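Comments concern the structure below.
The sequence lines fix the lettering, A, B, ..., with proteins before strands; numbering per chain opens at 1. Just the heavy atoms: all of them, side chains too, but no hydrogens, waters or symmetry mates, feed the values below. This one's a predicted model, so the numbers in the text were calculated from it and none came from an experiment.
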Number of protein chains: 2
Amino acid sequence: MAERHRNPTIIDVAERAGVSKSVVSRVVSGRGSVGEETRRRVLDAAQDLGYVVNAVARAMVAHRTYTVGVFVRDAATPFYGHLLTALQERAASHGYRVVTATGSGRFAVADEHRALETLVMLRVEALIVCSGILPAAQIVPFAERLPTVVAGRPETHGSITSVFCDEEEGGAALADHVVDLGHRNVAVITVPVSNSVTMGPRTAAMARRLRERGARVLEVVGPHREMAGGWATEILRHPEITAVMAPSDRHAVAFLEQLQLRNVAVPQDLSVTGYDGIGDLVSPLIGLTHWRQPIELIGERAVDTLVRLLDGEQPPDHHQALSGSLVVGRTTAPPTR
Amino acid sequence: MAERHRNPTIIDVAERAGVSKSVVSRVVSGRGSVGEETRRRVLDAAQDLGYVVNAVARAMVAHRTYTVGVFVRDAATPFYGHLLTALQERAASHGYRVVTATGSGRFAVADEHRALETLVMLRVEALIVCSGILPAAQIVPFAERLPTVVAGRPETHGSITSVFCDEEEGGAALADHVVDLGHRNVAVITVPVSNSVTMGPRTAAMARRLRERGARVLEVVGPHREMAGGWATEILRHPEITAVMAPSDRHAVAFLEQLQLRNVAVPQDLSVTGYDGIGDLVSPLIGLTHWRQPIELIGERAVDTLVRLLDGEQPPDHHQALSGSLVVGRTTAPPTR
DNA sequence: TTGTAGGCGTTATCAC
DNA sequence: GTGATAACGCCTACAA
């Protein structure tokens, strides 16, 4: 539990090389000029001692950590896992490290707040928040303190910068696809905005567009995948329904599992759509028709925007809504009745 | 790019509260005794200024960071994503933060080495390495420097502590299942150990056990999922084969996709097995027969072991091989020919 | 209980 | 080109 065997410092290296610690500092930091011969001796000494720069001490005096903090709600979810990877890569290409604070999906808002505070303690230079439930009000205090970008969710709060995929566009486009196929009675598995600021607006957009196009809509409230059995029971009670729109690929697959159990054929008896297009569920084995979010792009834009903020520039857009794309699979087809 | 607006320090708080910085330090760190009235004033002042402890400075003097470094090869894969989450949670429960260094799966060994060095620069107190390709020789120098645990891969190097799922057991058990069903001609999609220290031994164990049980084995070398088309072509050239064992769930699904394209029925024409049991591919919709790795347990054990090492204790086992479990789905059945 | 005086490992600013 | 020296923000004896 106690401090480990002390790491060698520039002072140790200096002694061994027979120079002052200033010289060592210049050599290892690459600033200032040092004689070629001296540089060699220092490098050798450092090598012998296994010296590695202490980023903590460096941050102390430089007032910089070259670190951005990323808060992800649940890295075990494909969506956030991919987003995290994209963020990490992009940040590295800008010379920034990433420190991650993760919830497990079961964290309360209070815990999420504490996680953000931890990142501030570590003196990350900026924050990227990826959570579909943390309310904007909780984020604002942090955004006022250091550059902050909300990624992966449609956040339009005035004092928060954000990068996300346009949920309205996606939901509407998917609804268009369903109507274009000829469906007139459609069920939408909706999610309250209070449960998710992504799936909420998304499913709302689906229902709205369906109605605009003249379809009749049955809204089934289904925030959690575990409730798939319930959706199936309710939806199958309405034989006029020929298509079902789910709030995410995972919800869609959970529903497909239920249909399989009940021997309902897809897409013959029922068309089904998903949403996200991330991870293993895009397998052609399932062939799920869905809306694909450009997750890598979200990650890249989020980091690029953050770097602009760090450089004191104004980002191009306060709220960047990126476009996704429709992926037509084998789970949707014209209605047979 | 420059330093942000300076954060308030204990000195600022001290001035505002009209006390010395020592008092503030005692209050915020919770050590030493402070008068109740004084404590209140300090807390108020801290609140007003928005003071947040500087973990960097604290680490500087304490020679401790309460941080463990986790290197994961690719957080976007379900296996590593889940492992990362499990590690993070467990570490938090022990009072440690986690700093993650991630590759994208396309990193060269040299880059992975550099990533580990970055973690050392940050003065993490211990290391958890999760990578199926980084050779032990690269890890040893770090393990000599600070407590290190390799998680999720069968690492039996003498000077490295490790926690993993027993690949021999899993491969053999899965092979037993196949033979027990009556299959006598089986294809195994093998992976060279040089490509993966998990899938390599695992597939080798499958082939070995199959032969021990009297089955004839066709080994198809297939490190990458993109090669699934090739496997299918080769395997279907051997009509006597009635079962195929893949190195992972993802490989199995890639293969299933190919079979679907070629109208080969599973499990009627061919039985197929996977391996891992992590993430969305376990969906009953696919019903893949596979070996399930206890990933949460691996994460917990890895952290617990690390904490023991940090406390100067000897871990119970140098190499902990955990047991997985067989999950029988609908992709395996007795052979029909 | 409270204040004073180092010192942690680095970088930066000066003289030399 | 090189070497003292002063911070950086915090903790910790030790003294008052």
* Thr38(B) vs Ile11(A), nearer the 5' end of DNA chain C by closest nucleotide -> Thr38(B)

* Structure fact -> residues 150-162 of chain B vs side-chain hydrogen bond (donor to acceptor under 3.5 Å, both in side chains), sequence neighbours excluded, gives Arg153(B)-Glu155(B), His157(B)-Ser159(B), Ser162(B)-His319(B)

* Structure fact -> Residues in residues 24-33 of chain B with a heavy atom under 4.0 Å of DNA chain D, by number, are Ser25(B), Arg26(B), Ser29(B), Arg31(B)

* **Nearest non-hydrogen partners of Thr65(A) and Ala59(A), listed with the distance** => CG2-CB, 3.8 Å

* Mind checking whether Val52(A) and Asn7(A) have side chains closer than 4.5 Å, heavy atoms only? -> no

* To do: Under the ring-ring contact (aromatic ring centres under 6.0 Å, His included) rule, collect the residues that match up with Phe164(A), sequence neighbours excluded.
  => none

* To do: Just grab all the side-chain hydrogen bond (donor to acceptor under 3.5 Å, both in side chains) pairs involving residues 37-48 of chain A, residues at least two apart or on different chains.
  => Arg16(A)-Asp48(A), Glu37(A)-Arg41(A)

* Pairs touching residues 18-36 of chain A that satisfy side-chain hydrogen bond (donor to acceptor under 3.5 Å, both in side chains), sequence neighbours left out -> none

* Structure fact -> Rounded to whole Å, the CZ-C1' distance (Arg41(B) to dT2(C)) equals 11 Å

* To do: May I ask you to verify if any side-chain N or O of Thr9(A) is less than 4.0 angstrom from the OP1 or OP2 atom of dG9(C)?
  => no

* May I have the step-by-step check of side chain to side chain contact (heavy atoms under 4.5 Å, CB included) for Asp317(A) and Gln320(A), ending in yes or no? => CA-CA 6 Å; Asp317(A) 289 303; Gln320(A) 297 177 59; 3.6 Å; yes

* To do: Using five pairs at either end of the helix from dT1(C)-dA16(D) to dC16(C)-dG1(D), determine the angle between the two local helix axes and round it to 10 degrees.
  => 40°

* On DNA chain D, reading 5' to 3', which nucleotide is the first and which the last to sit with an atom under 4.0 Å from a heavy atom of chain B, could you check? => dG9(D) to dA13(D)

* Asked: Which pairs with one or both residues in residues 10-49 of chain A pass ring pair (Phe, Tyr, Trp, His ring centres under 6.0 Å), sequence neighbours excluded?
  -> none

* Structure fact -> Result for 5'-nearest mapping on DNA chain D, choosing between Val34(A) and Lys21(A), is Val34(A)

* Asked: Near DNA chain D, under 4.0 Å by heavy atom, which residues of residues 46-58 of chain A?
  -> none

* Structure fact -> To the nearest angstrom, the CG-C1' distance between Asn7(A) and dC8(C) comes to 13 Å

* Would you please name every residue forming a side-chain contact (heavy atoms from CB on, under 4.5 Å) with Pro294(B), sequence neighbours left out? => Cys165(B), Leu297(B), Leu322(B)

* Asked: Between atom NE2 in His63(A) and atom P in dT10(C), what is the gap in whole Å?
  -> 17 Å

* **Interatomic distance where CZ belongs to Arg64(A) and P belongs to dA12(C) [whole Å]** => 12 Å

* Structure fact -> The ring-ring contact (aromatic ring centres under 6.0 Å, His included) partners of Phe142(B) (sequence neighbours excluded) come to His113(B)

* To do: Please list, chain by chain and in numerical order, all residues satisfying side-chain contact (heavy atoms from CB on, under 4.5 Å) with Asp304(B), sequence neighbours excluded.
  => Arg90(B), His94(B)

* To do: Using a 4.0 Å heavy-atom cut-off across all strands, classify Val61(B) as base, sugar-phosphate, or nothing.
  => base

* To do: For Met121(B) and dT10(C), give me the distance from atom CE to atom C1', rounded to whole Å.
  => 12 Å

* To do: Please lay out, stage by stage, how Arg114(A) and Asp111(A) fare under the test salt bridge (charged side-chain N to carboxylate O under 4.0 Å, His left out).
  => CA-CA 5 Å; Arg114(A) 197 147 47 92; Asp111(A) 295 288; 3.0 Å; yes

* Please report the closest heavy-atom contact between Val24(B) and Val19(B), naming both atoms and the distance. => CG2-CG2, 3.9 Å

* To do: Determine whether any donor atom in the side chain of Ser22(B) lies under 3.5 Å from an acceptor atom in the base of dT4(C), or the reverse, and answer yes or no.
  => yes

* List the atom of Tyr96(A), the atom of Thr67(A), and the distance in Å for their closest heavy-atom pair. => CD2-N, 3.9 Å

